[in-house]
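Residues: numbered from 1 along the sequence shown.
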Amino acid sequence: MENSSFQRSTPNSSSAQPLRADILENPLQTYLVGIIISMCGNVLISISLNIQKYAHVRQTQRGSQPYYTSVVWWFGLALMGVGELGNFAAYGFAPASLIAPLGCVSVIASAVISVVFLKETVRPSDIVGGTLAITGTYLLVTFAPHNASHITAHLVQYHVISWPFLLYIFIEVVAFCILLYLYKRRNVKHIVVVMLLVALLASVTVISVKAVSGMITESIKGQLQLIYPIFYVMVIIMIASCSFQIKFLNQAMKMFNATEVVPINFVFFTASAIIAGIVFYQEFEGLALLNIFMFLFGCVLSFLGVFLITRNRPKIKHQDRNFIAMDTIPARRSTDKVQPEAEIQPHRSLADKLICSKAGQTDD
């Protein structure tokens, strides 16, 4: 009887081994899927930005219709939507502390595309910055937390009422109110103040986006999560935080140069996303000290790379219709501009009058 029972249990144990193997492999597969989706989304975003930039340049040179009437511009906008959708989906497969720093892939790809297709010059800082950003990306992917937890409605509810998150959100609300008071009432228009407002909103955005994306992913797998109220609460928080984040970011782009806004926003957004992932989703739990150090070192390298790539980027030169470029005139090597003479000159200059008077005296 013992032998027969052992024989009956053997098939079950042998059939359970592939299941356990699949369970062990799924976290890594899910992790890699999130990385690939995020990188592809960031590349699409960089392509869309360069397409929109090309549409702006072409419409400016023609000087005819607004940019939003161009089919090329709308195509770039559609690509940006697909790329952002990819980033949204990536949060459901990989940790938020990894997806956020991978935004440097968009900066690297945008620099390469602008050099190849828009014929921008390659600077030494671009090469050094690209090397640092690629090295930082490799360290991020290698040493980031590889745990791919299943984001369910019960898990989100548990983290929402946990004391670390409640303390974190209290500190964030107080800091946001102080910064908003300085920005609105005291008229403190410093770039750090504005970008900190964006970063504080971004941390809430990351938490809600990962919750919504994770619950949708679990629903697709077969565990329906859309019936829980917490899902729709997170959707509302996601939409509201994204809207105000875009509002403050647009204000920063109006007040400051893009070469200042882009690197500071990348650093602040990445830092807030990592902190949000640590506090809310406990993504660094059980991670070795060496992995944490190398992950943070990869973040620093990515920050430096993005700063070097975006520093002092050449601006688009708009042609002034009141001036003629000298390089368009044959046999002229100067790149200065001259203003065309008017057809009617009612008032002559003092030099012209002196020359005419001398000519008249000579004739006499």
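T217 places none of its side-chain heavy atoms less than 4.5 Å from the side chain of I151. Counting heavy atoms from C-beta on, the side chains of L98 and P145 never come closer than 4.5 Å. Using a 4.5 Å cut-off on side-chain heavy atoms (C-beta onward), F75 and V71 make no contact. The shortest side-chain heavy-atom distance between K221 and E218 falls under the 4.5 Å cut-off. With contacts defined as side-chain heavy-atom distances shorter than 4.5 Å, the pair V300/L296 does not qualify. Side-chain contact between Y31 and P95: present, with at least one pair of heavy atoms (C-beta onward) separated by less than 4.5 Å. Contact annotation: the side chain of V194 approaches that of M255 to within less than 4.5 Å [non-hydrogen atoms, C-beta and beyond].
In this structure T137 satisfies the side chain to side chain donor-acceptor pair (under 3.5 Å) test with no other residue, sequence neighbours excluded. For L201, the side chain to side chain contact (heavy atoms under 4.5 Å, CB included) partners two or more places apart in sequence, or in a different chain, are F176, F244, Q245, F248. For the side chain to side chain contact (heavy atoms under 4.5 Å, CB included) test, residues two or more places apart in sequence or in another chain that qualify with S219 are L224, Q225, L226. Residues satisfying the side chain to side chain contact (heavy atoms under 4.5 Å, CB included) test with V261, not counting sequence neighbours, are I191, M195, L249, A252, M253, F256.
Residue pairs meeting the ring pair (Phe, Tyr, Trp, His ring centres under 6.0 Å) criterion with at least one partner in residues 197-226, sequence neighbours excluded, are absent. The stretch residues 292-304 participates, sequence neighbours left out, in no side-chain hydrogen bond (donor to acceptor under 3.5 Å, both in side chains) pair at all. Pairs passing the ring pair (Phe, Tyr, Trp, His ring centres under 6.0 Å) check and including a residue from residues 270-293, sequence neighbours excluded, read H159-F280, F165-F280, F284-F295. Pairs passing the side-chain hydrogen bond (donor to acceptor under 3.5 Å, both in side chains) check and including a residue from residues 170-186, sequence neighbours excluded, read Y168-E172, E172-S203, Y181-R186, Y183-Q251. Residue pairs meeting the side-chain hydrogen bond (donor to acceptor under 3.5 Å, both in side chains) criterion with at least one member in residues 291-300, sequence neighbours excluded, do not occur. Within the structure, the side-chain hydrogen bond (donor to acceptor under 3.5 Å, both in side chains) test picks out the following pairs touching residues 93-108 (sequence neighbours left out): S97-E283.
Residues L85 and V206 fall within the same hydrophobic cluster, defined by Ile, Leu, Val, Met, Phe, Trp and Tyr side chains chained together at heavy-atom separations under 4.5 Å. V262 and V43 are not part of a single hydrophobic cluster, where members link through side-chain heavy atoms under 4.5 Å apart. Note on I227: it clusters hydrophobically with L155, by side-chain heavy-atom contacts below 4.5 Å among ILVMFWY residues. The hydrophobic cluster containing L180 also contains V174, counting ILVMFWY residues as joined when their side-chain heavy atoms lie under 4.5 angstrom apart, directly or transitively.
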Steps toward side chain to side chain contact (heavy atoms under 4.5 Å, CB included) verdict (L200, S272): CA-CA 7 Å; L200 292 175; S272 64; over 6 Å; no
If you apply the rule side chain to side chain contact (heavy atoms under 4.5 Å, CB included), what do you find for I169 with V204, and how did you get there? CA-CA 9 Å; I169 202 66; V204 180; 4.3 Å; yes
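S241 places a side-chain N or O within donor-acceptor distance of the main-chain N or O of I237, the cut-off being under 3.5 Å. The backbone N or O of V267 sits nowhere less than 3.5 Å from a side-chain atom of T270 that would complete a donor-acceptor pair. Although no hydrogens or angles enter the test, the distance criterion places no donor-acceptor pair under 3.5 Å between the side chain of S213 and the main chain of K210.
Here the shortest heavy-atom pairing between P101 and I274 reads CG-CD1, 4.3 Å. L44 and G83 get closest at one heavy-atom pair: CB-CA, 4.1 Å. Annotation for F266 and A100: closest pair CE1-O, 4.2 Å, computed over non-hydrogen atoms.
Side-chain heavy-atom separations under 4.5 angstrom define the hydrophobic clusters, and the remaining members of the one that includes I45 are L49, M80. Other members of a hydrophobic cluster containing L166 are absent, since no ILVMFWY side chain comes under 4.5 Å of it, directly or through relayed contacts.
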